[in-house]
Amino acid sequence: MKAKRLAALLLAGCMALGMAAQASALEVNVSGQMVYQFGIMDNYARGGGKFTDAEADHFFARQRVRLQIEFVASENLKGVLQIQNGTLYWGGDGAQLDTTSSDFKVRQAYIDWSVPDTGLNMKMGLQLLAMPHAVAGSPVLDSTVAAVVLRNSINENVSVGAFWARPYSNDKAAKLQNNNMDLFSILADFDYDSFRIQPWIMYGRVGSQSNVSSKWNNNVIGSNGSDDRYSSLYYGAVAASFTPIENLSINFDGIYGYLKNEASNIPNGDFEKSNGWMLALGADYDLGFGTLGAIAWYASGDDDGDVADGEYGKLPTISRGNSGFKPTRFGTAGSYAMGDDAMLTGTGAGTWGAGLHFKNFSFIEDLSHTVRAYYFNGTNDKNLYAFTREHFGDGMYLTTKDKGFELNLDSQYQVAKGFKIIWEIGYINMDWYKEKERGFNKDDIFNTQLTFDYRF
């Protein structure tokens, strides 16, 4: 019934907009995406154990639909609404025989407004927000969030920006002053022909009544205390890209983060602060028939002695669970469209790695391929091997004794305008420290998925 009511509401809205458009010259643009995916997995379970033989089923079929409507009043003003249905697993809730899906949600809803004859732009509402990055996505924040984002172009090469975002708020604690989590950031963008530099800083204020999930961060933070305290989060970072010669780009990300837990109710241990960093370096050379490149990164980890005193060494992140760190498509968050990915880490925190890739090479028209080979290792103290995803909320907890490699082979075929087929293959082999004590009875995991993507 919910789905029928939503469909009726959308139909009535479109009819009303059609009449309004004739009267007020409002332009309505509709776009969307329909994704259908079929895959096989081995030695892991969706939302459960990894590197085990406990999976419920080897084969999966799923789909997701997004519909985006832009209400354009002028070149300086528009509203954007994006609705999503899914991800739905065939035969599961919302995709069973003789049922209709009630899994509809508003993914984006914001106003995009520019001041005429100036470089000032504002976006207000639920929107996609990613921190500046140059190498392989943002390990800090890359997600939809309610925010006000301002950007001002000073000239054709320089712009500055700022935003206020509210990832979490506790309606049940509305009478309390400490029921919100807020983020404040200042950014700059210096974009020239041969280089681009994007420095940024961010401050976060986390109320102990903000109803933040204990998995919102790589470390645990108190969220249900009865006191009027706020925890503090600080970031300083820079993303840079250089083109020293034609066809060669060199990219760099440097990020530092500090999280101070001020909540008196501290679950799952004595966490007091997290103080971490990440450096990432990448290079790509366009050969004309494909792009050859390499990426390496190092992120600080936890020390056994410091953890005993409540101090952690991993980089704090904002996105719950997985963020946008994606040098690979299986071990990190680089899968096309819907998962499965981030099997080892969604943020890169507490790991280091390096590898090679050859992207978008082709032997047949409209058919391209990408190959990746990467090595992983943890940077967390080996004595902390018993820590789990449930404790830290980001993939697997890799120690200095955990190491392995990942291989990817992806292919894309452009069937027609707006319609393509993607075949992804991912394989990871790990050498786990004290694997039996940690519940691992497999050294490798495998995934392959065939995706049909129609965009209109």
Side-chain angles (χ1 to χ4, degrees), residues 21 24-31 66 68-82 106-167 182-205 233-244 246 249-257 280 282 284 318-319 323-324:
S24 62
L26 180 71
E27 180 181 340
V28 179
N29 299 323
V30 180
S31 60
R66 288 175 179 168
Q68 181 164 311
I69 308 173
E70 293 186 352
F71 310 95
V72 183
S74 69
E75 62 179 359
N76 296 311
L77 176 62
K78 67 178 179 180
V80 177
L81 173 65
Q82 186 182 91
V106 175
R107 186 168 181 263
Q108 297 186 63
Y110 63 91
I111 295 173
D112 187 339
W113 171 61
S114 298
V115 179
D117 302 321
T118 72
L120 181 61
N121 174 262
M122 178 189 72
K123 293 181 180 179
M124 177 187 296
L126 188 62
Q127 58 190 287
L128 287 172
L129 186 58
M131 303 311 297
H133 54 273
V135 178
S138 171
V140 174
L141 175 63
D142 185 357
S143 189
T144 54
V145 64
V148 177
V149 180
L150 298 174
R151 182 171 293 274
N152 185 51
S153 298
I154 297 176
N155 55 46
E156 63 179 5
N157 301 115
V158 181
S159 65
V160 294
F163 70 77
W164 161 56
R166 176 160 286 180
D182 292 299
L183 303 173
F184 306 89
S185 180
I186 299 175
L187 314 90
D189 189 350
F190 304 90
D191 191 357
Y192 294 86
D193 291 338
S194 60
F195 70 91
R196 183 181 186 185
I197 300 177
Q198 297 173 279
W200 59 272
I201 58 175
M202 183 162 61
Y203 167 71
R205 194 166 184 254
L233 181 62
Y234 304 89
Y235 287 102
V238 62
S241 298
F242 304 92
T243 308
E246 187 177 3
S249 65
I250 300 174
N251 308 303
F252 171 80
D253 283 326
I255 306 168
Y256 170 78
D284 284 295
I318 302 301
S319 294
S323 190

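Quick note: numbers below take in every heavy atom, side chains included, and nothing from hydrogens, waters or symmetry partners. All figures in this text were calculated on a predicted structure; none of them were measured in a lab.
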- Query: Can you check side-chain contact (heavy atoms from CB on, under 4.5 Å) on Ile111 and Leu77, steps first, answer last?
  - Reply: CA-CA 7 Å; Ile111 295 173; Leu77 176 62; 3.8 Å; yes

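- A donor-acceptor pair under 3.5 Å links the side-chain atoms of Ser185 to the main chain of Ile201, judged by distance alone.
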Side-chain donor/acceptor pairs under 3.5 Å, residues 113-136, sequence neighbours excluded:
residue, atom, partner, partner atom, Å
Ser114, OG, Asn121, ND2, 2.9
Thr118, OG1, Val115, O, 2.8
Thr118, OG1, Leu120, N, 3.3
Asn121, ND2, Asp112, OD1, 2.8
Asn121, ND2, Trp113, O, 3.2
Gln127, NE2, Lys123, O, 3.3
Gln127, NE2, Gly125, O, 3.2
Gln127, NE2, Ala147, O, 3.1
His133, ND1, Met131, O, 2.9

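- Using cut-offs of 30° and 60° for the angle between ring planes, the Tyr234 and Tyr203 rings count as tilted.
- Closest approach of Met202 to Trp200, counting heavy atoms only: CB-CZ3, 4.0 Å.
- Rounded to the nearest 0.5 Å, atoms OG (Ser159) and CG (Asp191) are 8.0 Å apart.
- For Pro139 against Gly137, the heavy-atom pair with the smallest separation is CD-O, 3.5 Å.
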- Begin with the C-alpha distance, continue with both residues' side-chain angles, and end with the deciding distance and a verdict on side-chain contact (heavy atoms from CB on, under 4.5 Å) for Leu187 and Gln198. CA-CA 7 Å; Leu187 314 90; Gln198 297 173 279; over 6 Å; no

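- A distance of 13.0 Å separates CZ of Arg205 from CG of Leu233, quoted to the nearest 0.5 Å.
- The nearest pair of heavy atoms linking Pro244 to Ile250 is CG-CD1, 4.0 Å.
- Take Asp284 and apply the salt bridge (Lys or Arg N to Asp or Glu O under 4.0 Å) test, not counting sequence neighbours, and it matches no residue.
- The distance from atom OH of Tyr235 to atom CG of Leu141, rounded to the nearest 0.5 Å, is 8.5 Å.
- A side chain to side chain contact (heavy atoms under 4.5 Å, CB included) with Ser241 is found for exactly one of Asn251, Ile197, Asp253, namely Asn251.
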- Would Arg151 and Asp189 count as a side-chain contact (heavy atoms from CB on, under 4.5 Å) if you check the C-alpha gap in whole Å, the side-chain angles of each, and the deciding distance to 0.1 Å? CA-CA 10 Å; Arg151 182 171 293 274; Asp189 189 350; 4.2 Å; yes

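- Applying the side-chain contact (heavy atoms from CB on, under 4.5 Å) test to Val158 and every residue at least two apart in sequence or in another chain returns Ile154, Asn155, Phe190, Tyr192.
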